[in-house]
Amino acid sequence: MTKKGSFLINRIKSIKYAVRGAWLLIKTEASIQVQVFIGVIMTILGCYVGLNTTEWIVQTLIIGLIISIEGINTVIEEIADFIHPEFHQKIGLIKDLAAGTVFIFAIIAIIIGCIIYFPKIF
């Protein structure tokens with residue numbers, strides 16, 4: 001019985017830490033703030049144009065993925081800066097690759113947004 005109780009308590013603590021981490025990302029990272037702002041605007045626009053269920057699912061998934069990928073990019077940058085605070089060519093490459101990953105998905109998100117919204121707006 002003790003193991004189940006400690007398992008539940010550990011899961012609750014994990015949720016607490018995850019919420020804290022998400023809040024820190026939103027509160028302190030400008031790139032995350034931009035993505036959250038864009039997500040809010042797209043959600044309002046989705047209400048205005050009347051997205052169907054499938055479009056809402058795709059849009060919500062895309063918003064969640066872009067914010068998550070941006071968060072992973074932030075984590076990679078923080079770890080890289082912690083490991084090697086001074087400029088280093090390899091650390092710069094790692095950070096550029098992580099940023100490039102976000103950029104590629106952002107382009108895909110824009111394309112998907114155009115596919116969803118152009119027929120409704122134009």
Side-chain angles (χ1 to χ4, degrees):
M1 204 65 162
T2 311
K3 287 186 180 184
K4 285 190 178 193
S6 64
F7 175 80
L8 182 59
I9 289 170
N10 288 337
R11 297 301 60 101
I12 292 169
K13 286 180 182 178
S14 293
I15 292 169
K16 181 180 93 172
Y17 298 136
V19 169
R20 180 175 176 264
W23 174 247
L24 283 171
L25 277 171
I26 293 168
K27 184 178 172 185
T28 63
E29 293 300 317
S31 56
I32 299 285
Q33 292 168 352
V34 168
Q35 298 299 343
V36 169
F37 177 76
I38 292 169
V40 169
I41 296 300
M42 296 310 295
T43 300
I44 292 168
L45 185 59
C47 291
Y48 180 74
V49 301
L51 298 182
N52 65 39
T53 302
T54 303
E55 292 164 337
W56 274 116
I57 291 168
V58 170
Q59 178 170 294
T60 303
L61 183 61
I62 295 299
I63 291 169
L65 282 171
I66 196 71
I67 292 169
S68 297
I69 293 169
E70 191 71 64
I72 292 168
N73 178 50
T74 299
V75 169
I76 291 168
E77 289 180 357
E78 289 291 326
I79 291 170
D81 289 343
F82 179 76
I83 291 170
H84 206 291
E86 302 85 33
F87 176 79
H88 188 278
Q89 190 173 355
K90 272 291 195 196
I91 295 294
L93 174 64
I94 291 165
K95 292 167 81 172
D96 288 348
L97 292 171
T101 303
V102 176
F103 179 74
I104 290 169
F105 192 77
I107 297 299
I108 299 299
I110 290 168
I111 292 168
I112 291 170
C114 290
I115 292 168
I116 292 172
Y117 283 95
F118 275 13
K120 296 183 178 307
I121 295 173
F122 299 108

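Computed from heavy atoms alone, side chains included, the values below leave out hydrogens, waters and symmetry copies. Every value quoted in this text rests on a predicted model; they were computed, and no experiment measured them.
A distance of 8.5 Å separates CD1 in I57 from CG in N52, rounded to the nearest 0.5 Å. To the nearest 0.5 Å, atom CZ of residue F105 and atom CD1 of residue I110 are 11.0 Å apart.
Applying the under-4.5 Å side-chain rule to Ile, Leu, Val, Met, Phe, Trp and Tyr, the cluster around F37 extends to I41.
Scored by the side-chain contact (heavy atoms from CB on, under 4.5 Å) test, I111 finds I107, I115 as partners (sequence neighbours excluded). By the ring-ring contact (aromatic ring centres under 6.0 Å, His included) test, F118 is found to be paired with F122, residues two or more places apart in sequence or in another chain being considered. Residues satisfying the side-chain contact (heavy atoms from CB on, under 4.5 Å) test with I44, not counting sequence neighbours, are V40. For the salt bridge (Lys or Arg N to Asp or Glu O under 4.0 Å) test, no residue two or more places apart in sequence or in another chain qualifies with E77. Applying the salt bridge (Lys or Arg N to Asp or Glu O under 4.0 Å) rule to D96 yields no partners; only residues at least two apart in sequence or on another chain are considered.
Sorted by first and then second residue, the salt bridge (Lys or Arg N to Asp or Glu O under 4.0 Å) pairs involving residues 30-55 (not counting sequence neighbours) are E55-K120. Sorted pairs that involve residues 31-49 and meet salt bridge (Lys or Arg N to Asp or Glu O under 4.0 Å), not counting sequence neighbours, are lacking altogether. Pairs passing the salt bridge (Lys or Arg N to Asp or Glu O under 4.0 Å) check and including a residue from residues 28-50, sequence neighbours excluded, do not occur.
Between P119 and C114, the shortest heavy-atom distance links the atoms CD-O, 3.9 Å.
Counting only heavy atoms from C-beta outward, the side chains of T101 and N73 never approach each other to under 4.5 Å.
Each of I104 and I76 belongs to its own hydrophobic cluster when Ile, Leu, Val, Met, Phe, Trp and Tyr are linked at side-chain heavy-atom distances under 4.5 angstrom. L93 and F103 fall into different hydrophobic clusters, defined by Ile, Leu, Val, Met, Phe, Trp and Tyr side-chain heavy atoms under 4.5 Å apart, directly or through other members. V34 and V75 are members of different hydrophobic clusters when ILVMFWY side chains are connected at heavy-atom separations under 4.5 Å.
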Could you give the side-chain donor-acceptor pairs of residues 58-72 under 3.5 Å, partners two or more places apart or in another chain?
from, atom 1, to, atom 2, distance (Å)
Q59, OE1, Y117, OH, 2.5
Q59, NE2, M42, O, 3.0
T60, OG1, W56, O, 2.7
S68, OG, G64, O, 2.8
E70, OE2, S31, OG, 3.3

List the atom pairs, with distances to 0.1 Å, where a side-chain N or O of residues 17-26 and a protein N or O form a donor-acceptor pair under 3.5 Å, not counting sequence neighbours.
none

Could you pull out all donor-acceptor pairs under 3.5 Å where a side-chain atom in residues 80-91 meets a protein atom, sequence neighbours excluded?
from, atom 1, to, atom 2, distance (Å)
D81, OD1, K95, NZ, 2.7
H84, ND1, E86, O, 3.0
H88, ND1, K90, N, 3.1

